[in-house]
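Atoms within each ligand, like the ligands themselves, are counted from 1 in listed order. What you see is a predicted model; the values in this text were computed from it and never measured.
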Amino acid sequence: MVPSSPRESVLKCFDEKYGNAPEYLVRAPGRVNLIGEHTDYNDGYVMPLAIDYAVWIAFSHITEPEVRIHSIDFDQSIVMPINNALTKGEGWSEYLKGLINIFKHSKFEIFGWKGVMAGNVPIGAGLSSSAALSLALTRAFGTVCNWDWNPSQMARICQLAENQWVGVNCGIMDQMISALGQEENVLLIDCRSLKTTPVPLPEGVRVVILDTGTRRGLVDSAYNERRNQCEAVATYFGEKALRDVSYKQLEKAKTKIDPIQFRRARHVIKENERVLDCAEALRLGNLDRVGELMIASHISLRDDFEVSSEALDLITECARKAQGCYGARMTGAGFGGCAMALVNTKSIDAFVEQLLKDYAEASGREAHLYVCNPSDGASVFSAEEFLLS
Ligand code: GLA
């Protein structure tokens, strides 16, 4: 279950640990992707929303050149020097090390701070708890060090830290949406130019996260393999990325391309088209069309890109049959974790009841469902705001 209010937890714990109130609080959200999967690292389009589950940090300046941070969720305190060379290790503090390392290389001036951190983004569920962590840490540094906050630039830095230090070759989607999410909107992101266009989620519809209760296994190697396969097809056409290859070109070259690589590329090219169609359908309030595109996306991820799982297929099938559902699909990298559904607000209770029952009967597992609201991206608050309220 999602614990309630990490904001209260960090405020209380900061006071207990340091004997006074923090100066600031930052909040950076997780995400769910409505459509546009495995397109970001092909310079394509994605359309995620930031969710109302987030990582919070309460913090204050210190004069020493170090970050002292306590994680409530991991029940662990660390002290990280910011001027010494750092060595690689394991666990959540790698995100902090990766960021410090990138800040130094990018010539950002950094100062010390002490803080307490907690979050309620389920970990390893495909909801980008790591991007939320990276953006929250970066927002804290940006505040203490008085940087001009440029969200896309900060998203890129967080992505680089994850690529270079943590060793996950992820694209830019998760960091962009955690940095730039907007209340009540999904965000159409062009992952090449980093242009973002908010698209309001029509009234009368809710996004429901469907946690299968399974967790992805060794996803990194399968992810990198997909990425290489896509890049190989782009190279075959002499292009920078699959974004530059049309479906017509791909079809023409079908007999010359390895069949697996052909299917991977077909997914990406078609998925880019679906994202743009979906943005248009949302603008027109045509939810049936949005639902159709979500289902087509899932089928393509299952059959052509091969990143779904039995649990993800099952939960999306159960969701599609439940009352009020326009469409459902896996979300994020795949192989386990969460799917999502678009559901008529009036039918939410009936949808949840039916899905929990049908999924339990079909899989023997308990699903966890979160009805979520599109939220703002990484934000900073003066702690006084909350201490007085
Ligand atoms: C993970 C990565 C993203 C993106 C998705 C798949 O969440 O971090 O960059 O590639 O998988 O769409």
Side-chain angles (χ1 to χ4, degrees), residues 28-51 53 94-95 98 121-135 152 155-181 186-192 194 196 209 211 215-231 234 241-243 264-265 267-272 274-275 278 293-294 297-298 300-302 304-309 312 329-340:
R31 65 99 186 93
V32 65
N33 191 16
L34 183 63
I35 198 160
E37 220 64 81
H38 290 274
T39 45
D40 61 349
Y41 53 82
N42 291 295
D43 276 3
Y45 300 100
V46 294
M47 205 157 59
L49 54 134
I51 55 178
Y53 298 103
E94 295 312 293
Y95 291 90
V121 187
I123 293 173
L127 300 176
S128 289
S129 55
S130 58
L133 169 62
S134 299
L135 260 301
S152 323
R156 188 63 92 193
I157 283 194
C158 290
Q159 182 204 10
L160 281 179
E162 193 152 344
N163 292 166
Q164 292 176 4
W165 191 276
V166 185
V168 180
N169 215 5
C170 61
I172 188 78
M173 166 169 76
D174 306 345
Q175 294 78 8
M176 278 294 284
I177 188 66
S178 187
L180 282 135
V186 294
L187 211 60
L188 171 62
I189 307 174
D190 177 335
C191 297
R192 170 167 279 170
L194 298 192
T196 57
I209 296 173
D211 188 341
R215 289 296 173 258
R216 38 185 215 219
L218 285 172
V219 57
D220 293 353
S221 55
Y223 184 93
N224 290 341
E225 183 189 43
R226 300 296 183 285
R227 200 174 166 149
N228 293 337
Q229 289 163 338
C230 293
E231 284 164 5
L242 275 183
R243 158 76 170 266
R264 304 296 190 247
H267 164 74
V268 173
I269 294 169
K270 289 276 171 194
E271 184 79 349
N272 276 329
R274 280 188 286 267
V275 177
C278 190
L293 290 162
M294 289 169 69
S297 167
H298 183 87
S300 173
L301 286 157
R302 182 191 69 194
D304 271 357
F305 219 68
E306 295 180 284
V307 290
S308 188
S309 70
L312 287 167
R329 58 181 286 279
M330 54 155 277
T331 187
F335 305 103
C338 290
M340 53 93 65

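The backbone N or O of M173 sits less than 3.5 Å from a side-chain atom of D40, completing a donor-acceptor pair. For H38 (side chain) and Y223 (main-chain N/O), no donor-acceptor pair under 3.5 Å exists by modelled atom type. Put simply, the side chain of S178 never gets that close to the backbone of G30: no donor and acceptor are under 3.5 Å apart. With hydrogens and angles disregarded, no donor-acceptor distance shorter than 3.5 Å links the side chain of R243 to the backbone of T39.
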Can you list every pair where an N/O of ligand 1 is under 3.5 Å from an N/O on the protein?
residue: ligand 1; atom: 7 (O); partner: R31; partner atom: NH2; Å: 3.0
residue: ligand 1; atom: 7 (O); partner: D174; partner atom: OD2; Å: 2.9
residue: ligand 1; atom: 8 (O); partner: D174; partner atom: OD2; Å: 2.7
residue: ligand 1; atom: 9 (O); partner: D40; partner atom: OD2; Å: 2.5
residue: ligand 1; atom: 9 (O); partner: G171; partner atom: N; Å: 2.9
residue: ligand 1; atom: 9 (O); partner: Y223; partner atom: OH; Å: 3.4
residue: ligand 1; atom: 10 (O); partner: D40; partner atom: OD1; Å: 2.8
residue: ligand 1; atom: 10 (O); partner: D40; partner atom: OD2; Å: 3.4
residue: ligand 1; atom: 10 (O); partner: Y223; partner atom: OH; Å: 2.6
residue: ligand 1; atom: 11 (O); partner: A333; partner atom: N; Å: 3.4
residue: ligand 1; atom: 12 (O); partner: E37; partner atom: OE2; Å: 2.7
residue: ligand 1; atom: 12 (O); partner: H38; partner atom: N; Å: 2.7

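For the pair R274 and Y45, the cation-pi criterion (under 6.0 Å, within 45° of the ring axis) is not fulfilled.
Under the rule for a side-chain hydrogen bond (donor to acceptor under 3.5 Å, both in side chains), the partners of R156 that lie at least two apart in sequence or sit in another chain are Q159.
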